[in-house]
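Working notes, beginning with the structure itself.
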Number of protein chains: 2
Amino acid sequence: MQEKLRSHIEKIVRLNDEEFELVLSHFSIAEFRKNQFIFKEGEKVKQAYYVVSGLLKLLYTDSSANQHIISFAMEDWWESDFYAYFTQTKATMSLHCLEKTTVYCLSLDSYQHLCTHVPKMESFFLQKSNLGFIGSQQRILSLLTTNAKERYEQLLERYPSLLQRVSKTQLASYLGVSRETLSRLYS
Amino acid sequence: MQEKLRSHIEKIVRLNDEEFELVLSHFSIAEFRKNQFIFKEGEKVKQAYYVVSGLLKLLYTDSSANQHIISFAMEDWWESDFYAYFTQTKATMSLHCLEKTTVYCLSLDSYQHLCTHVPKMESFFLQKSNLGFIGSQQRILSLLTTNAKERYEQLLERYPSLLQRVSKTQLASYLGVSRETLSRLYS
DNA sequence: ATGCACCTGTGACATTGATCACTAATATGA
DNA sequence: TCATATTAGTGATCAATGTCACAGGTGCAT
């Protein structure tokens with residue numbers, strides 16, 4: 001399990017055993033059942049999560065009670081309501097398990113401690129953050145430039161496994177269309 | 001001019017004179033006329049840009065030659081095609097001046113040099129990147145959950161000055177609607 | 001001052017996607 | 001195993017937005 005975290009980090013920065021021990025000591029492990037909430041809108045967000053196994057969705061519920069999926073988080077992904085996490089305020093989004101999921105948890109204190117005491121980890125987080133930013137920008141572009149059908153096809157191409165793991169209803173919510181419209185795209 | 005850059009950085013990390021000298025030595029200044037391109041789709045992206053004054057748009061041109069504005073960059077903002085910048089590949093987007101604009105330029109080498117030799121700058125970039133990521137995620141949420149009218153109102157609330165500085169056509173392109181639709185939202 | 005490019009508003013119509021209603025199929029839990 | 005909830009597909013209709021066409025206004029360059 002910790003090998004997974006280690007090799008994930010070492011894809012970006014090398015750590016010796018001692019360094020990794022220190023890093024690891026700042027994480028805790030948690031396991032959640034399918035359909036369990038890791039946190040809900042309105043709660044304080046105390047941790048950022050690295051997904052060891054399972055599948056999460058980050059979702060927002062609007063004033064008409066419609067759910068919108070901001071992102072899925074699969075194995076090897078980091079997820080949280082990062083605004084709430086970094087500002088230590090209450091979540092506007094919820095994090096929900098689509099499958100039984102195991103995560104490593106990192107508190108903001110630990111995050112900051114690692115950044116200041118293990119420079120390589122600051123580099124690691126910087127790289128991750130840059131990639132996250134670029135990914136979000138791609139998603140914006142996709143929402144601006146393509147219709148439902150094209151977005152669906154892009155998604156299938158990029159994450160073919162998702163189709164097996166989540167319901168069409170969830171996919172529709174991620175793509176920003178109603179489930180009925182999604183259903184009609186391939187019929 | 002360099003005071004502007006310095007106080008921008010010092011909003012996040014303190015630098016002494018010596019440190020700032022070193023930082024500054026990695027930037028170069030450039031000035032662009034209104035309507036000039038800083039880079040175009042297909043070109044290599046060698047710099048990231050900090051806007052001292054003026055206004056930029058980052059845009060993508062789709063296969064039907066429609067322009068989509070991914071973001072505006074006003075005073076104190078950083079902008080580039082960050083995917084192309086970090087991977088040193090060709091731009092898929094273009095960066096264009098909506099006004100006469102002065103920028104500080106930072107090459108990827110300089111960026112990396114600063115990150116490794118001036119830890120505070122790595123902290124600075126990490127914080128910037130996190131904020132950028134959070135901002136993008138807000139934008140995704142806005143595109144997923146609101147219609148054209150609400151997005152327009154959100155934009156006016158957040159950046160009231162934009163309305164004075166850019167044409168409605170540009171605003172529409174940022175909001176992801178046709179200019180005709182935008183025009184009808186307030187009539 | 002003249003001409004031209006660009007911006008803006010608006011009518012007519014087409015298209016996309018949302019909503020509501022219903023049915024069937026599948027999965028889940030007691 | 002049975003009851004119930006969830007999921008998926010589809011028709012009918014409606015609302016939002018796009019597209020095309022045109023006209024008037026504004027500002028810039030020669």
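Keep in mind that the numbers below use all heavy atoms, side chains included, and drop hydrogens, waters and symmetry copies. Within every chain, numbering begins at 1; the chains are lettered A, B, ... in the order of the sequence lines, protein sequences first and strands thereafter.
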From CG of Asn35(A) across to P of dT28(C) the rounded distance in Å is 9 Å

In whole angstroms, the gap separating C1' of dG9(D) from OH of Tyr186(A) amounts to 8 Å

ask   = Within 45 degrees of the axis of the six-membered ring of Tyr159(B) and under 6.0 Å from its centre: does Arg165(B) put its NZ or CZ there?
value = no

To the nearest angstrom, the CG-P distance between Leu98(A) and dT6(D) comes to 14 Å

* To do: Find out whether Cys115(A) and Phe125(A) are in side-chain contact, i.e. whether some heavy atom of one side chain is under 4.5 Å from a heavy atom of the other.
  => yes

Taken to the nearest whole Å, OH/Tyr152(B) to C1'/dT8(C) is 12 Å

From CD of Glu99(A) across to P of dT28(C) the rounded distance in Å is 12 Å

Rounded to whole Å, the CZ-P distance (Arg184(B) to dG18(D)) equals 10 Å

Ion pair present between Glu180(A) and Arg184(A), side-chain N to carboxylate O less than 4.0 angstrom? no

Centroid-to-centroid, Tyr104(A) to Tyr49(A), below 6.0 Å?
-> no

From CG of Leu182(A) across to P of dG9(D) the rounded distance in Å is 8 Å

I would like to know whether Gln47(B) and Ser80(B) meet side-chain hydrogen bond (donor to acceptor under 3.5 Å, both in side chains); could you show each step before the answer? CA-CA 7 Å; Gln47(B) 313 278 337; Ser80(B) 193; over 6 Å; no

Within residues 155-181 of chain A, those residues having any heavy atom closer than 4.0 Å to DNA chain D are Ser167(A), Lys168(A), Thr169(A), Arg179(A), Glu180(A)

Problem - Flag if over 12 foreign heavy atoms under 6.0 Å of CD, Gln88(A) - result: yes

Rounded to whole Å, the NE2-C1' distance (His96(A) to dT6(D)) equals 13 Å

Report task. Answer with base, sugar-phosphate or nothing: what part of the nucleic acid does Lys34(A) contact at a heavy-atom distance below 4.0 Å? Result -> sugar-phosphate

